[in-house]
Amino acid sequence: MNEKLETVKKNVIECTKCELAKTRNNSVPGKGNFHSSVIFVGEAPGKNEDMHGEPFIGVAGKKLSLALERAGITREEVYITNIVKCRPPKNRVPTTIERSTCQEYLRQEISIIKPKIICILGNTAFNSLLGGSEITKFRGKVVRKDNQLYFLTVHPAATIYNQELIKTLQKDIRKLFDLVTELENSKKVKIDIDYTT
Ligand code: URA
Ligand code: SF4
């Protein structure tokens with residue numbers, strides 16, 4: 001692994017900067033390929049992730065893996081992380097304070113990996129990174145903000161009991177990797193929403 005990313009990981013594991021440190025079993029640093037052109041950003045660790053210290057290894061993680069597989073991608077090829085790195089009690093949505101306290105770690109992960117595009121999974125990441133809401137209205141779209149591209153899609157957990165949404169997630173992830181291929185070949189991609197000022 002990359003040395004700088006190792007330092008971030010170590011700091012996340014030892015972190016006690018917010019209340020969530022008191023109730024977690026394990027912090028959950030980001031995981032994956034630091035050469036990846038894409039970083040996936042979820043909300044927060046759930047029960048399984050908290051037990052094992054790894055992101056997206058529970059039921060939602062299986063949905064994400066499946067969508068990646070359908071696009072011909074393995075989890076090891078990409079980098080996966082969350083807005084907050086510790087599990088909120090009963091999986092409640094992380095508070096504004098928890099998110100802002102934790103955001104420095106995500107900022108570091110992004111600045112080390114320098115992804116060509118960041119895939120936002122669901123409303124919490126959409127809101128935290130771009131101030132957005134109603135992801136189902138905006139999913140499938142490409143956003144540019146401060147010279148960084150983002151791709152919006154639904155949270156894999158939302159697809160667990162919804163057959164239509166799992167198809168949506170799979171379709172979006174296929175589109176994402178078509179975009180990634182274009183970006184890797186230095187092609188311009190169509191920006192749907194531009195927040196650049
Ligand atoms: N849901 C998330 O948002 N992140 C995880 O790591 C697992 C479930
Ligand atoms: Fe630290 Fe983030 Fe965990 Fe809070 S959620 S204790 S800021 S790593």
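Whatever order the structure lists ligands and atoms in, that order sets their numbers, starting from 1.
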| message | Hydrophobic cluster membership, with links at side-chain heavy-atom distances under 4.5 Å among I/L/V/M/F/W/Y: are Ile118 and Leu121 in one? | response |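 No, Ile118 does not connect to Leu121 through the hydrophobic network.
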
| query | Using 4.0 Å as the upper bound for N to carboxylate O, is an ion pair formed by Arg24 and Asp50? | reply |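 So Asp50 does not pair with Arg24 through a salt bridge.
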
| message | Within this structure, what is the NE2-CG distance for the pair His52 and Asn26, rounded to the nearest 0.5 Å? | response |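 CG of Asn26 is found 9.0 Å from NE2 of His52.
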
| request: Kindly compute the distance separating CG (Asp192) from CZ (Phe151), expressed to the nearest 0.5 Å. | output: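 Rounded to the nearest 0.5 Å, the CG-CZ separation comes to 9.0 Å.
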
| said: Using a 4.0 Å cutoff against the non-hydrogen atoms of Gly42, which atoms of ligand 1 qualify? | reply: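 Answer for ligand 1: 3 (O).
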
| For ligand 1, which atoms sit closer than 4.0 Å to a heavy atom of Glu43? |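 That gives atoms 2 (C), 3 (O) of ligand 1.
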
| message | Heavy-atom count check: over 12 atoms from other residues, nucleotides or ligands less than 6.0 Å from Lys62 NZ? | response |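 It does not: Lys62 NZ has 12 such atoms or fewer within range.
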
| Using a distance-only test with no angle check, is there a side-chain donor-acceptor pair under 3.5 angstrom linking Lys85 and Thr81? |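 The answer is yes; a qualifying pair exists.
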
| request: Under 4.0 Å from a heavy atom of Ala21: give me the atoms of ligand 2 that qualify, with their elements. | output: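 With Ala21 as reference, the close atoms of ligand 2 come out as 6 (S).
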
Checking a contact table here: which protein heavy atom is nearest [atom], and how many Å away?
| atom | result |
| --- | --- |
| atom 3 (Fe) of ligand 2 | Cys86 SG, 2.3 Å |
| atom 4 (N) of ligand 1 | Asn82 OD1, 2.8 Å |
| atom 4 (Fe) of ligand 2 | Cys18 SG, 2.4 Å |
| atom 2 (Fe) of ligand 2 | Cys102 SG, 2.3 Å |
| atom 5 (C) of ligand 1 | Ala44 O, 3.5 Å |
| atom 1 (Fe) of ligand 2 | Cys15 SG, 2.2 Å |

| task | Taking the six-membered ring for Trp and the full ring for Phe, Tyr or His, determine whether the centres of His155 and Phe126 are under 6.0 Å apart. | result |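 Judged by ring-centre distance (under 6.0 Å), His155 and Phe126 do not meet the cut-off.
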
| query | Given that the side chain starts at C-beta and the backbone is N, CA, C, O, which of these parts of Arg24 lies under 4.0 Å from ligand 2, counting heavy atoms, or is it both or neither? | reply |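 Contact part for Arg24 vs ligand 2: side chain (C-beta onward).
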
| message | Checking contacts here: is it the side chain or the backbone of Glu49 that comes within 4.0 Å of ligand 1, counting heavy atoms only? Could be both or neither. | response |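 For Glu49, only side-chain atoms sit under 4.0 Å from ligand 1.
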
| Min N/O separation Pro55 to ligand 1 under 3.5 Å |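 N/O-N/O distance under 3.5 Å: no.
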
| message | If we only consider heavy atoms of His155, is any one of them less than 4.0 Å away from an atom in ligand 1? | response |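 It does, in that a heavy atom of His155 comes within the 4.0 Å cut-off of ligand 1.
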
| query | Is there a donor-acceptor pair closer than 3.5 Å between any side-chain N or O of Asn185 and the backbone N or O of Lys187? | reply |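 Absent.
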
| message | So does Gly132 get a backbone contact from the side chain of Asn127, meaning a donor-acceptor N/O pair under 3.5 Å? | response |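 The answer is yes, because a donor-acceptor pair under 3.5 Å joins these two groups.
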
